[in-house]
Undergrad: 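Please see the structure below; I have some questions.
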2 protein chains.
Amino acid sequence: MATSTRRSPRRTEALSRERIVDAAVELLDTVGEGGLTFRALTERLATGPGAIYWHVANKEELLGAATEGVLAAALAAGPPGPAGSPGSAAASGGASGSASAGSPQDGIRAVGLGLFDAVGKHPWLATQLTTQLARSPWGAVTPRIFESIGRHVRALGVPEAGWFTATSVLVHYILGAAGQNAANIASGRALGPGVDRPAFLDSVARAWEELDPEDYPFTRAAASGLRDHDDHEQFLAGIDLVLAGLTAG
Amino acid sequence: MATSTRRSPRRTEALSRERIVDAAVELLDTVGEGGLTFRALTERLATGPGAIYWHVANKEELLGAATEGVLAAALAAGPPGPAGSPGSAAASGGASGSASAGSPQDGIRAVGLGLFDAVGKHPWLATQLTTQLARSPWGAVTPRIFESIGRHVRALGVPEAGWFTATSVLVHYILGAAGQNAANIASGRALGPGVDRPAFLDSVARAWEELDPEDYPFTRAAASGLRDHDDHEQFLAGIDLVLAGLTAG
DNA sequence: ACCTGAACACCGTTCAAGT
DNA sequence: ACCTGAACACCGTTCAAGT
């Protein structure tokens, strides 16, 4: 199947589901969730809407496939966890954090950080994962996330009756915190080209400090704590809090 | 059918921002997030789109107002008492303390249950709160939620450095679990009129038990635990896990 | 000040028709 | 089998015009 290497105004490679999903991820990453439209997709792929619908049932399925792909990559990059990708065991040998031989606690931290960073790279991912988690627990996404955390929970020695609770708390926290972090980055960028995350958090802290002292004593007092926190450190502190609860019970 | 004659009674009350927001909430509750359109709104309010735009800047602001209204009610009402009558819990601002007489732990459980049940009544609320929490921490929603939980965290004796972490974990878990529960209810209804939540959870459990034993050992084993769990009990177990971590540290 | 309703730009999706 | 592209129903939003 030697494809001609000549350049042409039209696309040279045949369309495929994979190419479409890749283009969707690219669009989501660069223009955001609202930027993924079939028109933008047809332009990028030099084709018509009908061609896309030949490979993909509808937009929901396309979003699902994009989510699954990015999630699988994020989980595979971490410790050797559950099903990486069906078929090929490629994974390019990455396994950056091969400290996976460590404790279950470290395993949970590693998976959490992997998801946290994946969401930082793909800000739309948090919303999408949350949606899939809630709307279709029978799909591929929910078991994959659940398993990636839950196997470490089990290794921790948590009694079986507590598995679901512990894994739920961890997963909800991880996705929530990751989504919030990603949004903070995006909001900072939106405020101006020179506004990075610390600058953005400072503006939020300032807003919180101006709240009514009568109604918002806690939030006002907690505002200053917003400023000088390392993303990862702050995120891991939340995980460790849950871990403390697990080993204390 | 009455053809072009306008059968709906002509509007007797003047339009107002409040009436529009109320109609939006009603639409969200009955037809879901996708059902809130300006056309449905104009029909329900017997007016034109221009009239709505006179009172409300755009759809985003309308959704925000709907979210704020329902959230304020949920925080003011607290959890529905077992038999008693809360009557009106005035609570201007953060107060939210219908169960304020008890321990801080009970306070957190009460606020959590209040949010959990509000999301159960308004399934769109979880997504909306998460969005607001992430996208605009300077808005009204974020401080209100944060305060409602955080003041009890402080009362717990948690050192100030841990306030943000603890409150974040609790809030993310509460919204995540509430959203998942609401989606489960909706999914059960969607599957059929006779399918309630237990039946739906059973079908999910069955799906999980058919996963590949090699790739999903944990999820398979945890599946059976899905079946016979009381909503509230299960939800509170997650909160208690975090509380255990707080008092252990 | 408040409301009307036609019009605009855009969206997801379909489908007869081509290769 | 795979792709084309016009067409359809619908959406959020605007705005000159009315009261």
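A, B, ... follow the sequence lines: proteins, then strands. Residue 1 opens every chain.
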Undergrad: So, B:Q180 and A:H172: side-chain donor and acceptor under 3.5 Å apart, yes or no?
TA: yes
Undergrad: Need to verify one output field. Residue with the more 5' nearest nucleotide on DNA chain C, B:S16 or B:P49?
TA: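 Checking each residue's closest nucleotide, the 5'-ward one belongs to B:S16.
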Undergrad: Let's see if you can work this out: which of D:dT13, D:dC3, C:dG12 has an atom nearest to the side-chain heavy atoms of A:T47?
TA: D:dC3
Undergrad: Using a strict 4.0 Å threshold on nitrogen-to-oxygen distance, state whether B:E61 and B:R17 make a salt bridge.
TA: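 Yes, this pair counts.
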Undergrad: Between B:L36 and A:G50, which has a closest nucleotide on DNA chain D that is more 5'?
TA: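 Closest to the 5' end, via its nearest nucleotide, is A:G50.
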Undergrad: Of B:A51 and A:N58, whose closest DNA chain C nucleotide lies nearer the 5' terminus?
TA: B:A51
Undergrad: Is there a donor-acceptor contact under 3.5 Å from the side chain of B:E147 to the main chain of A:F218?
TA: yes
Undergrad: Is any NZ, NE, NH1 or NH2 atom of the basic residue among B:E33 and A:R135 found under 4.0 Å from an Asp or Glu carboxylate oxygen of the other?
TA: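 A salt bridge is absent here (no side-chain N lies under 4.0 Å from a carboxylate O).
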Undergrad: With both distances under 3.5 Å as the test, what is the Watson-Crick or G-U wobble partner of C:dC10?
TA: none
Undergrad: Whole Å only: how far is the CG atom of B:L41 from the P atom of D:dC11?
TA: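 Atom-to-atom, B:L41 to D:dC11, this comes out as 12 Å.
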Undergrad: Indicate whether OP1 or OP2 belonging to D:dC3 is found under 4.0 Å from a side-chain N or O atom of A:H55.
TA: yes
Undergrad: What's the gap between C:dC8 and D:dC11 when it is taken at their C1' atoms, as a whole Å value?
TA: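 Taking atom C1' in both C:dC8 and D:dC11, they lie 12 Å apart.
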Undergrad: Tell me the partner of C:dC15, counting only Watson-Crick (N1-N3 plus N6-O4 or O6-N4) or G-U wobble (N1-O2 and O6-N3) with both under 3.5 Å; none if nothing fits.
TA: D:dG5
Undergrad: Is the backbone of A:F164 close enough, under 3.5 Å, to the side chain of A:T167 for a donor and an acceptor to pair up by distance?
TA: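 No.
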Undergrad: Quick one: A:W54 CH2 to C:dA17 P, roughly how many Å, whole number?
TA: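 Rounded to whole Å, this separation is 17 Å.
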Undergrad: Could you give the CD1-to-C1' distance, from B:I52 to C:dG5, as a whole number of Å?
TA: 12 Å
Undergrad: Expressed in angstrom and rounded to an integer, what is the separation of B:E43 atom CD from D:dC10 atom P?
TA: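 For the pair B:E43 CD and D:dC10 P, the rounded distance is 12 Å.
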Undergrad: Calculate the interatomic distance between B:E61 atom CD and D:dT13 atom P; express it in whole Å.
TA: 11 Å
Undergrad: How many Å lie between CZ on B:R39 and P on D:dT13, as a whole number?
TA: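 One finds 11 Å between P of D:dT13 and CZ of B:R39, rounded.
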Undergrad: Between B:F38 (CZ) and C:dA9 (P), how many Å, whole number?
TA: 19 Å
Undergrad: Please report, rounded to the nearest Å, how far the P atom of C:dC2 is from the CG atom of B:L45.
TA: 16 Å
Undergrad: Between C:dC11, C:dT14, D:dT13, which one does the side chain of A:Y53 approach most closely?
TA: C:dT14
